[in-house]
Amino acid sequence: MSVIPALFSEAETDHPAIAQWCSTILAGDTARLLLLGPHWSGKSHTAYAALRRLTAAGYREADITVLQALDLKSTYEPGMIENTTAVTVIDDLTLSVDLVREATLPLETDSADIQATMALEAGALADAVARLSLLPRRSWLLIASSTERLIETVGQETTDRLLAVAELAELRQRPRPARRW
């Protein structure tokens with residue numbers, strides 16, 4: 001199974017931060033990139049374009065791990081990160097916070113059981129990112145909406161570390177596609 005979903009099989013980008021990230025990895029060095037932008041800014045497209053660029057240049061897919069934050073937080077075990085491949089991508093890192101902050105209707109309060117599960121999952125995601133940020137010789141690309149929401153997702157200390165060790169690329173809002181219904 002390819003690390004690049006069919007939806008992004010032809011993804012391309014000319015973003016200079018992606019070019020640098022890919023060049024660094026292809027040269028055998030470690031590259032870390034925090035890709036930020038609002039919904040519909042093309043963050044996932046840009047990330048998969050980077051992976052496409054890597055694999056087109058001969059980088060082995062077996063050395064790339066792509067994780068969706070919503071899946072990661074419910075299946076996480078510390079060994080998943082500590083034993084990850086040379087390149088790791090975590091997509092939609094701040095999605096849970098984004099959905100709450102951007103809700104247009106009042107949200108109902110979840111039951112105590114659901115709140116406890118959500119807290120455990122949020123802690124698992126924060127731990128995964130914290131561990132990844134500390135691993136030597138690992139390249140990564142993390143996709144989030146903003147530093148403020150990243151702080152809410154992984155905490156101030158981890159966000160500060162991410163910003164200290166990673167390049168930062170910000171994408172602008174693109175026009176949303178017209179609704180077809």
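Just so we're clear, the structure is a prediction, and the values are computed from it rather than from any experiment.
Residue-environment remark: CD (Glu152) exceeds the threshold of 12 foreign heavy atoms within 6.0 Å. Within a 6.0 Å sphere centred on CD of Glu82, other residues, nucleotides and ligands contribute more than 12 heavy atoms.
With 3.5 Å as the limit, one finds no donor-acceptor pair spanning the side chains of Glu121 and Thr117.
Considering only heavy atoms from C-beta on, Tyr48 comes within 4.5 Å of Val66 through its side chain. Using a 4.5 Å heavy-atom cutoff, the side chains of Tyr76 and Leu125 are not in contact. At least one side-chain heavy atom of Ser96 sits under 4.5 Å from a side-chain heavy atom of Leu70. Considering only heavy atoms from C-beta on, Ile90 stays 4.5 Å or farther from Trp140 through its side chain. The closest side-chain heavy-atom distance from Arg161 to Leu134 is below 4.5 Å.
Criterion: ILVMFWY side-chain heavy atoms under 4.5 Å apart, direct or through other members. Under it, Leu163 and Leu36 are part of a common hydrophobic cluster. Under the 4.5 Å side-chain contact rule for hydrophobic residues, Met80 and Val3 do not share a cluster.
Each of Thr159, Thr158, Asp160 was evaluated against Gln156; a single residue qualifies, Asp160, per the side chain to side chain donor-acceptor pair (under 3.5 Å) test.
With sequence neighbours excluded, the residues that form a salt bridge (Lys or Arg N to Asp or Glu O under 4.0 Å) with Arg149 are Asp98, Glu102.
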Test log, rule side-chain hydrogen bond (donor to acceptor under 3.5 Å, both in side chains), inputs Thr94 and Ser145 = CA-CA 6 Å; Thr94 56; Ser145 58; 3.1 Å; yes
